[in-house]
Amino acid sequence: MSTQANPQTTSRANPQTNPQTNAQASEKSFLVGLIGSGIGGSLSPAMHEEEGSKLGLHYVYRRIDLEALKLDVTALSDLLVAAERMGYNGLNITYPCKQAVIPLLDELSDDARALGAVNTVLFKDGKRIGHNTDWSGFARAFQRGLPDASLARVVQLGAGGAGAAVAHAALTMGAQTLTLFDVDAARAASLAGELQKRFPASSVSAGDSLKSLDESLASANGLIHATPTGMAKLPGLPLPVELLHRDLWVADIVYFPIRTALLQAAEALGCRTLSGGGMAVYQAVDAMRIFTGLDPDAERVYSHFQSLLQREASST
C-alpha cells in the first residue's frame, strides 16, 4: 500500500494533459532513465534494454547525467517535469538525488517512506510514485555472494540514501549489532535512531571518530561500504587501510569499477568480498518490475551484467 508524500509546492504540468502520455503509449513500449551525477559509466541502460528486448518490449533507457549537463540537485524538479512531458514511464534515481527527490513526489511506497530514500520513480495516472529497490537488491546480492557470512557484528560506512537502504537490508537479514559511520556524524546518529526503532531486537548505534571506527572494526565480522568513494569519479579508499583485517568480510555497493580500491585492499589481506555488481543487478530487476508490471529473469540479467563487465575489462 502506498502512503502520501509531502511534496513542496512545485509548479509542474499534469502529464495527463500532454499529447504524449503514459496512458497513450503502447503497452509494449517503455521509456525510462537514470538521474544522477557522474553516471557516464553506468551499465543500467544496457541491462534494462537487453532484458526489455528479451521480454518482447520496445524498451529505451537514457542517462540524465547532472555532471555532463553542468547541473546540480536543484535541477531535479525541472528534470522530473521534463520527463513527464516527454512521456517517460519512470526514472531510476541515484547519487546525489535519492533523498532530495522525496519532496517532489506524490506518493511513497512503504519501503521508501521507512527508508527516507527513493531510487525508483514511477509515473502513473498523473502521479509520481517513489519506491526503493536498493535494499532488496543488496539483500539478494548478499545472500547470493556471502550466504554464510556472520552478521553478528557489522560496521557500515555511509548513512545517506544508499546507506539507509543497505543498513535496513542488513538488519532485515539478521544483523545483531550494527554501527554506522558517516562524514556527517549527526546524519549517522539520526539514521541509527530510526533503525533502532524499526529493529528493536538488534543493537544499532553511530560512531563519531576514527578511534571509534578502529575499535568497532577490530571486533566486527563484516564491513559494508555505502559511500560514493571508490567510484571512477571519486577514486580512493573510504578508510585507512590499516583498519582492515583478514577476519572481516567486506561488501561494497560501488560497481564502477567493479573491483574498487577497498575490495582490492581487502582481498590482499585475505578477506571475503562482495562487489556492488549484484546489488546493481537485483535493484534493476526490481525496478523493471515496477516500470513494466512484468517479471524480468534475474539470472538472465545477472549473466548479461557479467558479460558487460568482461567486455569492458577486455577493452581496457
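Both backbone and side-chain heavy atoms feed into the values below; hydrogens, waters and symmetry mates do not.
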Could you pull out the closest heavy-atom pair between [X] and [Y], with the gap in Å?
X    : Y    : answer
T229 : G236 : CG2-O, 3.7 Å
A100 : V73  : CB-CG2, 3.5 Å
G36  : T94  : CA-CG2, 3.6 Å
T260 : G230 : CG2-O, 4.0 Å
I102 : A117 : CD1-N, 3.6 Å
G163 : A226 : CA-CB, 3.8 Å

Could you state whether [X] and [Y] fall into the same hydrophobic cluster, counting links through intermediate Ile, Leu, Val, Met, Phe, Trp or Tyr residues with side-chain heavy atoms under 4.5 angstrom apart?
X    : Y    : value
L157 : M231 : no
L239 : V183 : no
V166 : L223 : no
L262 : I224 : no
V155 : I253 : no

**Report entry** Option passing side chain to side chain contact (heavy atoms under 4.5 Å, CB included) with L91 (candidates L80, V118, V101, V32)
**Finding:** L80
Report task. Please say which of V254, L263, V250, D252 ends up in a side chain to side chain contact (heavy atoms under 4.5 Å, CB included) with S275. Result -> L263
Requested in this report: Check the surroundings of atom NZ in K54: do more than 12 heavy atoms from other residues, nucleotides or ligands lie under 6.0 Å from it?
Outcome: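 Result for NZ/K54: open.
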**Report entry** H58, NE2 atom: more than 12 neighbouring heavy atoms under 6.0 Å
**Finding:**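 Count not over threshold, so no.
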Between the main-chain N or O of [Y] and the side-chain N or O of [X], is there a donor-acceptor pair closer than 3.5 Å?
X    : Y    : answer
R198 : A114 : yes
N92  : T120 : no
N132 : W135 : yes
Q156 : G158 : yes
D297 : E299 : yes
E67  : S37  : no

Do [X] and [Y] have side-chain atoms, one donor and one acceptor, less than 3.5 Å apart?
X    : Y    : value
E267 : T273 : yes
N119 : D134 : yes
N221 : W249 : no

Would you compute the distance between atom [atom1] of [X] and atom [atom2] of [Y] and round it to the nearest 0.5 angstrom?
X    : Y    : atom1 : atom2 : result
D247 : S150 : CG    : OG    : 11.0 Å
L171 : Q196 : CG    : CD    : 8.5 Å
L294 : E51  : CG    : CD    : 10.0 Å
E84  : N89  : CD    : CG    : 12.0 Å
T177 : R153 : OG1   : CZ    : 7.5 Å
L71  : I35  : CG    : CD1   : 10.0 Å

Going by heavy atoms in the side chains, are [X] and [Y] under 4.5 Å from each other?
X    : Y    : result
F30  : V60  : no
I93  : L34  : no
L274 : F142 : yes
F181 : S216 : yes
E312 : F256 : yes
S202 : Q176 : no
H304 : V281 : no
F305 : S44  : no

Requested in this report: I would like to know whether L57 and T292 meet side chain to side chain contact (heavy atoms under 4.5 Å, CB included); could you show each step before the answer?
Outcome: CA-CA 9 Å; L57 306 174; T292 68; 3.9 Å; yes
Requested in this report: Check the pair L243 / L210 against side chain to side chain contact (heavy atoms under 4.5 Å, CB included), numbers first and verdict last.
Outcome: CA-CA 10 Å; L243 299 188; L210 184 60; 3.9 Å; yes
Query raised in the report: Under 6.0 Å from the six-membered ring centre of Y302 and within 45° of its axis: does the NZ or CZ of R144 meet both?
Result: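 Yes, R144 lies over the aromatic ring of Y302.
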Query - N-O pairing of K70 and D65 below 4.0 Å - result: no
Query - N-O pairing of D106 and R128 below 4.0 Å - result: no
Query - Sequence-distant partners of D286, side chain to side chain contact (heavy atoms under 4.5 Å, CB included), two or more places apart - result: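 Result, side chain to side chain contact (heavy atoms under 4.5 Å, CB included) vs D286: T133, S136, R140, R289.
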**Report entry** For D72, all residues meeting side chain to side chain contact (heavy atoms under 4.5 Å, CB included), sequence neighbours excluded
**Finding:**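 In terms of side chain to side chain contact (heavy atoms under 4.5 Å, CB included), with neighbours along the sequence ignored, D72 is linked to T74.
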Query raised in the report: Does the pair H168 and F138 meet the rule for a ring pair (Phe, Tyr, Trp, His ring centres under 6.0 Å), with working shown?
Result: CA-CA 10 Å; H168 178 91; F138 180 82; over 10 Å; no
Query raised in the report: Could you walk me through whether L66 and L76 pass the side chain to side chain contact (heavy atoms under 4.5 Å, CB included) check?
Result: CA-CA 9 Å; L66 299 179; L76 193 51; over 6 Å; no
Query raised in the report: Any idea how Y61 and H48 line up, ring-wise: parallel (<30°), tilted (30 to 60°), or perpendicular (>60°)?
Result: tilted
Query - side chain to side chain contact (heavy atoms under 4.5 Å, CB included) between Y59 and M288, intermediate numbers included - result: CA-CA 10 Å; Y59 195 106; M288 283 192 74; 3.7 Å; yes
Requested in this report: Begin from the C-alpha positions of R62 and E49 and carry the test salt bridge (Lys or Arg N to Asp or Glu O under 4.0 Å) through to its verdict.
Outcome: CA-CA 10 Å; R62 293 287 182 256; E49 291 182 352; 3.6 Å; yes
